[in-house]
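Down below is the structure, laid out as structure tokens.
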Amino acid sequence: MGYYQRNAGWYRKHFALPASWEGSSVWLYFEGIFHATTSYLNGQKVGFHKQGYTDFWLRLDDVPGLKFGGGENVLALYADASTGTGWWYEGGGLTRHNWLVRASPAHIAQDGAWVFTNQTSGGGATF
């Protein structure tokens, strides 16, 4: 691991949601945060994700106190990379892209649909 010091840290993001989003389903999608991440929205704990190499979703619209229409929201993430899982230095913190996602209240759940084809040659697929 090169004897690099492992540590933990905080991230904070202040953001506003448009009034037109009220009544929508709203999530944050994290492609990767290393390692154990505790999430807070407007001072309330709203999630925990233990594994640093996997993506995860954090639902926001069901959190009491979420503000729409110009009110400021504060997302705080505590990423604890003080312990590792590999034989190398993995780093720590936000490691991949993060997305704010809005959907209709009637929607397909994340990872809720997939496509399969049994044709593996010939340059095309049949469904």
Side-chain angles (χ1 to χ4, degrees):
M1 294 187 303
Y3 300 102
Y4 287 111
Q5 181 178 356
R6 297 178 178 275
N7 227 323
W10 286 93
Y11 292 88
R12 282 187 177 72
K13 176 68 176 173
H14 297 250
F15 65 99
L17 296 174
S20 61
W21 284 27
E22 194 159 2
S24 300
S25 295
V26 180
W27 296 273
L28 285 168
Y29 173 57
F30 299 96
E31 290 184 359
I33 303 176
F34 194 84
H35 188 59
T37 303
T38 307
S39 307
Y40 301 86
L41 182 64
N42 298 332
Q44 277 185 248
K45 182 179 176 182
V46 293
F48 177 75
H49 186 74
K50 186 173 182 177
Q51 181 50 263
Y53 293 115
T54 58
D55 61 342
F56 66 98
W57 293 85
L58 183 63
R59 188 157 184 181
L60 301 182
D61 60 283
D62 61 354
V63 176
L66 180 66
K67 299 173 185 131
F68 294 91
E72 183 179 73
N73 295 290
V74 179
L75 174 71
L77 302 172
Y78 179 70
D80 185 353
S82 61
T83 60
T85 58
W87 290 94
W88 58 91
Y89 175 69
E90 296 98 343
L94 298 172
T95 58
R96 298 187 187 115
H97 295 288
N98 308 290
W99 306 93
L100 178 63
V101 179
R102 175 192 180 208
S104 167
H107 59 273
I108 296 172
Q110 296 87 1
D111 301 322
W114 55 278
V115 175
F116 170 79
T117 179
N118 59 5
Q119 182 177 342
T120 58
S121 63
T126 58
F127 298 98

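Since the model is a prediction, treat every value here as computed from it, not as a measurement.
Transitive grouping of hydrophobic side chains (ILVMFWY, heavy atoms separated by less than 4.5 Å) brings Tyr11 and Leu41 into a common cluster. Leu58 and Phe34 sit in two unconnected hydrophobic clusters of ILVMFWY residues. Membership requires side-chain heavy atoms under 4.5 Å apart, directly or through other members.
A 4.5 Å side-chain heavy-atom check between Leu28 and Phe30 finds at least one atom pair inside the cut-off. Contact of the Asp61 side chain with the Trp21 side chain is not registered, since no non-hydrogen atoms from C-beta on lie closer than 4.5 Å.
When the shell of 6.0 Å around NE2 of His14 is examined, it contains more than 12 heavy atoms from other residues, nucleotides or ligands.
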Per-pair distances, 0.1 Å, donor-acceptor, side chain in residues 73-81, under 3.5 Å, sequence neighbours excluded:
unit_1 : atom_1 : unit_2 : atom_2 : d
Asn73  : OD1    : Asn42  : ND2    : 3.0
Asn73  : OD1    : Lys67  : N      : 2.9
Asn73  : ND2    : Lys67  : O      : 2.9
Asp80  : OD1    : Ser82  : N      : 2.9
Asp80  : OD1    : Ser82  : OG     : 2.6

Could you pull out all donor-acceptor pairs under 3.5 Å where a side-chain atom in residues 105-114 meets a protein atom, sequence neighbours excluded?
unit_1 : atom_1 : unit_2 : atom_2 : d
His107 : ND1    : Ser104 : O      : 2.8
His107 : ND1    : Pro105 : O      : 3.2

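Qualifying side chain to side chain contact (heavy atoms under 4.5 Å, CB included) partners for Phe48, counting only residues two or more places apart in sequence or in other chains: Ala36, Thr38, Lys50. In terms of the side-chain hydrogen bond (donor to acceptor under 3.5 Å, both in side chains) criterion, residue partners of Asp55 (sequence neighbours excluded) are, by chain and number, Tyr29. For Arg102, there are no salt bridge (Lys or Arg N to Asp or Glu O under 4.0 Å) partners, not counting sequence neighbours. For Glu31, the side-chain hydrogen bond (donor to acceptor under 3.5 Å, both in side chains) partners two or more places apart in sequence, or in a different chain, are Trp99.
Taking both residues in full, the closest heavy atoms of Trp57 and Val101 are given as CZ3-CG2, 3.8 Å, listed atom of the first, atom of the second, then distance. Residues Ser25 and Arg59 approach most closely at OG-NH2, 3.5 Å, considering heavy atoms.
In this structure, Leu60 CG and Trp27 CH2 are separated by 10.0 Å, a value rounded to the nearest 0.5 Å. Rounding to the nearest 0.5 Å gives a distance of 11.5 Å between CD of Glu72 and CG of Leu17. Atom CG of Leu100 is separated from atom NZ of Lys13 by 10.0 Å, given to the nearest 0.5 angstrom.
Side-chain N/O atoms of Ser39 and His49 include no donor and acceptor closer than 3.5 Å.
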